[in-house]
Structures are given as C-alpha cells and as structure tokens.
Novice: 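A single structure is presented below for examination.
Heavy atoms only: backbone and side chains are in, while hydrogens, waters and symmetry mates are out. Sequential numbering from 1 along the given sequence is applied to the chain's residues.
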Amino acid sequence: MNKLAALALLMSPVTGIAQEYNCIPVIKYECTKDQCEKITEDFQDAESFGYNKKTNKISACLWTNCYASKATVFKDKASGTFTAFGKLTPTAHPGNEPIVVSLTIDTSGNFNAVWGYNSQDLTFDLGKCRLSK
C-alpha cells in the first residue's frame, strides 16, 4: 500500500465500530436465601449473555431457551460499569415464561449476570465479554 492510500485509510470515517458484547460465564453461583453454591464446570456451553449497544437489546441463552428484549441501561461512570436490565421474552420456545436478567459490564469486559430472580433464590454468573461488530 502506498503512503497516499494509507493516509486515506487513516483519514476515512470509522466504520464497523464494535457494538455487541458477547459474554460467556466461567463461574456460576446458585443462591437461596440461606446460602450460595459455587459452580465452576458443566454450564459454560449452556449459558451466555449479550448486549447490543446499537439496538439496545439484552439477550440470554440459558440451557434450552434463548431470551431477548429491549434493555433499560444504567451507567456508573465512577465504577466504569453499565448495567443492562430487562424482562426478556423467550425466543426459542415462545410458550415459556419471560425471565428478568441484569447484565453488568465493566471497561475491561468483565461481567456479572443475575437471573432467576424471585423471593427465594437467584442465579448469577461471572465471566468475560468479547466486544464485536
């Protein structure tokens, strides 16, 4: 590539800016009102979370169903995080109940996702997100 072509490439408008977080958990906690159990294997291929900055959609695939919805987003500049929160409807098996999911991501791509909210228990996953186009 000649210098003029390289300069034109550098000066051109930025396209293909990363817009979507794809998050895979590495640790999971299943919690009841009495205790939490740490799980470190046999779920990573069955659970994932996502957030698309352009469409403002949050998504989750949890074992045999995937869910998606528009998100409400809260940004916390002091901690360098944002939290996308929503009541997600099932996409793979539409007859299933919706679920509430919150997904908090920091500037390094670390995340925690909380789901299965109810008055007796909940589940939360921790891991790393990959930012893609």
Side-chain angles (χ1 to χ4, degrees):
M1 179 182 307
N2 68 35
K3 290 180 184 178
L4 186 57
L7 181 61
L9 184 61
L10 288 172
M11 300 292 286
S12 66
V14 176
T15 58
I17 295 172
Q19 296 289 329
E20 188 162 358
Y21 291 89
N22 298 300
C23 309
I24 304 297
V26 293
I27 298 172
K28 173 179 172 171
Y29 290 89
E30 293 178 344
C31 301
T32 66
K33 63 182 179 176
D34 297 323
Q35 67 181 9
C36 288
E37 177 184 358
K38 181 179 181 180
I39 301 167
T40 58
E41 55 188 43
D42 296 332
F43 68 93
Q44 288 88 352
D45 292 334
E47 296 178 11
S48 64
F49 302 88
Y51 175 68
N52 186 307
K53 293 180 351 182
K54 187 174 183 177
T55 63
N56 195 37
K57 281 203 172 186
I58 183 174
S59 61
C61 287
L62 303 168
W63 296 90
T64 61
N65 209 343
C66 292
Y67 304 82
S69 180
K70 288 280 187 183
T72 299
V73 178
F74 303 94
K75 294 180 182 178
D76 182 12
K77 290 182 183 180
S79 68
T81 65
F82 71 87
T83 300
F85 184 83
K87 185 175 184 180
L88 286 59
T89 55
T91 59
H93 303 289
N96 289 13
E97 293 293 317
I99 62 167
V100 174
V101 173
S102 65
L103 177 63
T104 301
I105 302 172
D106 70 16
T107 56
S108 299
N110 297 310
F111 84 93
N112 71 56
V114 182
W115 55 282
Y117 289 92
N118 66 52
S119 63
Q120 300 298 312
D121 54 26
L122 61 80
T123 301
F124 70 93
D125 292 354
L126 303 152
K128 191 80 170 170
C129 297
R130 182 180 41 106
L131 192 55
S132 62
K133 295 178 186 177

Novice: Nearest 0.5 Å please: distance from the CG atom of N96 over to the OG1 atom of T64.
Specialist: 7.0 Å

Novice: Any non-hydrogen side-chain atom of V73 less than 4.5 Å from a side-chain atom of N56?
Specialist: yes

Novice: Indicate yes or no: at least one non-hydrogen side-chain atom of I105 is less than 4.5 angstrom from one of C23.
Specialist: yes

Novice: With a 4.5 Å limit on heavy-atom distance, are the side chains of Y67 and P98 in contact?
Specialist: no

Novice: Verify the cluster assignment for L126 and F85: are they in a single hydrophobic cluster under the rule of side-chain heavy atoms below 4.5 Å apart?
Specialist: yes

Novice: Quick one: NZ on K38 to NZ on K28, what's the gap to the nearest 0.5 Å?
Specialist: 14.5 Å

Novice: Find out whether I58 and V101 are in side-chain contact, i.e. whether some heavy atom of one side chain is under 4.5 Å from a heavy atom of the other.
Specialist: yes

Novice: So do the side chains of W115 and L62 get within less than 4.5 Å of each other, counting heavy atoms only?
Specialist: yes

Novice: Please tell me whether I27 and F124 are part of a single hydrophobic cluster in this structure, the criterion being side-chain heavy atoms less than 4.5 Å apart.
Specialist: yes

Novice: Going from CG on N112 to OG1 on T104, what distance comes out if it is rounded to the nearest 0.5 angstrom?
Specialist: 4.5 Å

Novice: Does atom NZ of K87 have more than 12 heavy-atom neighbours from other groups under 6.0 Å away?
Specialist: no

Novice: List for me each residue that meets ring-ring contact (aromatic ring centres under 6.0 Å, His included) alongside Y117, sequence neighbours excluded, and say none if there are none.
Specialist: none

Novice: Should Y51 and L131 be regarded as members of a common hydrophobic cluster, given that ILVMFWY residues are connected when their side-chain heavy atoms come within less than 4.5 Å of each other, either directly or indirectly?
Specialist: yes

Novice: SG/C36 to CD/E30 distance, rounded to the nearest 0.5 angstrom?
Specialist: 10.0 Å

Novice: Determine whether L88 and V100 fall in the same hydrophobic cluster, where Ile, Leu, Val, Met, Phe, Trp and Tyr are linked whenever their side-chain heavy atoms lie under 4.5 Å apart.
Specialist: no

Novice: Could you tell me whether the side chain of I24 reaches within less than 4.5 Å of the side chain of S48, counting heavy atoms only?
Specialist: yes

Novice: Between N65 (side chain) and P90 (backbone), is there a donor-acceptor pair under 3.5 Å?
Specialist: no

Novice: Is any NZ, NE, NH1 or NH2 atom of the basic residue among E20 and K53 found under 4.0 Å from an Asp or Glu carboxylate oxygen of the other?
Specialist: no

Novice: Output yes when a side-chain donor or acceptor of T89 lies under 3.5 Å from a complementary backbone atom of A68, and no otherwise.
Specialist: yes

Novice: Within a strict 4.5 Å, meaning less than it, do heavy atoms of the D125 and E47 side chains meet?
Specialist: yes

Novice: So, do D76 and F74 sit near enough that their side-chain heavy atoms are less than 4.5 Å apart?
Specialist: no

Novice: Are there over 12 heavy-atom neighbours, none belonging to D45, within less than 6.0 Å of that residue's CG?
Specialist: no

Novice: Quick one: NZ on K77 to OG1 on T107, what's the gap to the nearest 0.5 Å?
Specialist: 14.0 Å

Novice: Would N110 and K128 count as a side-chain contact (heavy atoms from CB on, under 4.5 Å) if you check the C-alpha gap in whole Å, the side-chain angles of each, and the deciding distance to 0.1 Å?
Specialist: CA-CA 4 Å; N110 297 310; K128 191 80 170 170; 3.4 Å; yes

Novice: With a 6.0 Å cut-off on ring centres, are F82 and Y21 close enough?
Specialist: yes

Novice: Quick one: do V26 and I39 end up in the same hydrophobic cluster if we chain Ile, Leu, Val, Met, Phe, Trp and Tyr together by side-chain heavy atoms under 4.5 Å apart?
Specialist: no

Novice: Might you point out which heavy atoms bring T55 and K70 nearest each other, and give the distance in Å?
Specialist: O-NZ, 2.9 Å

Novice: Go through the steps to decide whether N22 and S132 satisfy the test side-chain hydrogen bond (donor to acceptor under 3.5 Å, both in side chains), and finish with yes or no.
Specialist: CA-CA 8 Å; N22 298 300; S132 62; 3.1 Å; yes

Novice: How long is the span from the OG1 atom in T32 to the CG atom in L122, to the nearest 0.5 Å?
Specialist: 9.5 Å

